[in-house]
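All remarks here apply to the structure that follows.
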Amino acid sequence: LGMFSELKFPVPWGHVAAKAWGPSDGHPVLCLHGWLDNANTFDKLIPLLPRDCYYVAMDFSGHGLSSHRPAGSPYHFLDYVTDVRRVAAALQWRQFTLMGHSMGKMKTSLNAQLFSYCFISSQFCFLYPEMVDKLILLENLGFLLAPEDTEAWLKSKRMVIDRLLSLEAKQQTPKAHSPEAALQRLLEANRHLTAEGGAILLQRGATETPAG
């Protein structure tokens, strides 16, 4: 297991990089590194683990060899949970073991937003329990959430991730329309608009090409 291969998974802003050890047909294990670390976190650990597993350690966006998000974009903890979902989809893993490092072993004196950042692996397991057969936490705590908030948090956050990935999967080259057809589509989607108001918006909201 000392030998590894490099992987790249396309995302809208570039790619997520990863490194993999073991047989590709082995039991899948996705490894998540800690705060400001990268996939090399697992270099010394993986060779000591069972050899019948396929270990994939990803670099979170902005870490290691993964692309940074566009300038000015925040690195919100839920975005990293979404990255895990993207990588699992790219690998076509329907169920796998999730092994997460501490995300920095951060102290409770940090604000709640950053403290939540520690629990990416736990959050993913909470949001997609059907995809995780085992959860391994290295120097970490479980995901803490008040009981009265559980159902609403689960529903809203999973909906955000699933809708985003669904839209990304449907991305196609925009079709060209005549000005009349473009106005009609705009009015159908925004029934409060008048034809005059729609035409004004399209002057700045549409791009003219040779095809339409």
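Note that this is a predicted model, so its numbers are computed, not measured.
More than 12 non-hydrogen atoms from other residues, nucleotides or ligands lie less than 6.0 angstrom from CD of E188. Applying the 6.0 Å contact sphere to CD of E6 captures more than 12 heavy atoms from other residues, nucleotides or ligands. Within a 6.0 Å sphere centred on CD of Q92, other residues, nucleotides and ligands contribute 12 heavy atoms or fewer.
Nearest heavy atom pair, residue L183 against residue A199, reads CD1-N, 3.6 Å. For the pair A57 and A39, the tightest heavy-atom approach, listed with the atom from each and the gap, is O-CB, 3.4 Å. Across all their heavy atoms, V11 and R86 have their closest contact at CG1-CD, 3.7 Å. Closest approach of F96 and A88 over heavy atoms only: CE2-CB, 3.8 Å. The nearest pair of heavy atoms linking P23 to Y54 is O-CB, 3.0 Å.
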For side chain to side chain contact (heavy atoms under 4.5 Å, CB included), just list the numbers for I46 and C31, CA-CA rounded to whole Å, side-chain angles, deciding distance to a tenth of an Å, and then say yes or no. CA-CA 10 Å; I46 298 299; C31 308; 4.2 Å; yes
Please determine whether side chain to side chain contact (heavy atoms under 4.5 Å, CB included) holds for the pair L127 and R85, giving the CA-CA distance in whole Å, both sets of side-chain angles, and the decisive distance to 0.1 Å. CA-CA 10 Å; L127 284 167; R85 187 69 180 83; over 6 Å; no
Side chain to side chain contact (heavy atoms under 4.5 Å, CB included) evaluation trace for F9 with D83: CA-CA 10 Å; F9 307 103; D83 285 350; over 6 Å; no
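With D133 contributing its side chain and T97 its backbone, the two residues share a donor-acceptor pair below 3.5 Å. Formation of a donor-acceptor pair under 3.5 Å by the Y75 side chain with backbone atoms of S61 is not found in this model.
Ring geometry, H63 versus F60: the interplanar angle exceeds 60°, so the pair is classed perpendicular (tilted spans 30 to 60°).
Hydrophobic clustering (side-chain heavy atoms under 4.5 Å, transitive across Ile, Leu, Val, Met, Phe, Trp, Tyr) groups V29 together with I136. In terms of hydrophobic clustering, with Ile, Leu, Val, Met, Phe, Trp and Tyr side chains grouped at heavy-atom distances under 4.5 Å, V87 and Y128 are assigned to a common cluster. There is a path of hydrophobic side-chain contacts, each under 4.5 Å, that joins Y55 to L138. Residues L135 and M131 share a hydrophobic cluster, clusters being chains of Ile/Leu/Val/Met/Phe/Trp/Tyr side chains in contact below 4.5 Å. L193 and I200 are members of different hydrophobic clusters when ILVMFWY side chains are connected at heavy-atom separations under 4.5 Å.
When each of V84, L91, L7 is tested with M58 by the rule side-chain contact (heavy atoms from CB on, under 4.5 Å), just one qualifies, namely V84.
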Side-chain polar contacts of residues 13-22 - donor-acceptor pairs under 3.5 angstrom, sequence neighbours left out - could you list them?
residue: H15; atom: ND1; partner: S67; partner atom: OG; Å: 3.2
residue: H15; atom: NE2; partner: L65; partner atom: O; Å: 2.8
residue: K19; atom: NZ; partner: N40; partner atom: OD1; Å: 2.7
residue: K19; atom: NZ; partner: D43; partner atom: OD1; Å: 2.8
residue: K19; atom: NZ; partner: D43; partner atom: OD2; Å: 3.4
residue: W21; atom: NE1; partner: L1; partner atom: O; Å: 3.4

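Considering CG of D59 and CG of L32, their distance stands at 11.0 Å, rounded to 0.5 Å. Between atom CG of residue L202 and atom CD of residue E180 there is a gap of 10.5 Å, rounded to the nearest 0.5 Å. Here Y80 contributes atom OH and T82 contributes atom OG1; the two are 11.5 Å apart, rounded to the nearest 0.5 Å. Interatomic distance, CG of L137 versus OG of S122, reported as 4.5 Å (0.5 Å rounding). The distance from atom CG of L201 to atom CG of L186, rounded to the nearest 0.5 Å, is 6.0 Å. To the nearest 0.5 Å, atoms CG (L45) and NE2 (H101) are separated by 9.5 Å.
Side-chain contact between L49 and M99: present, with at least one pair of heavy atoms (C-beta onward) separated by less than 4.5 Å. Side-chain atoms of F126 and V81, non-hydrogen and from C-beta on, never get closer than 4.5 Å to each other.
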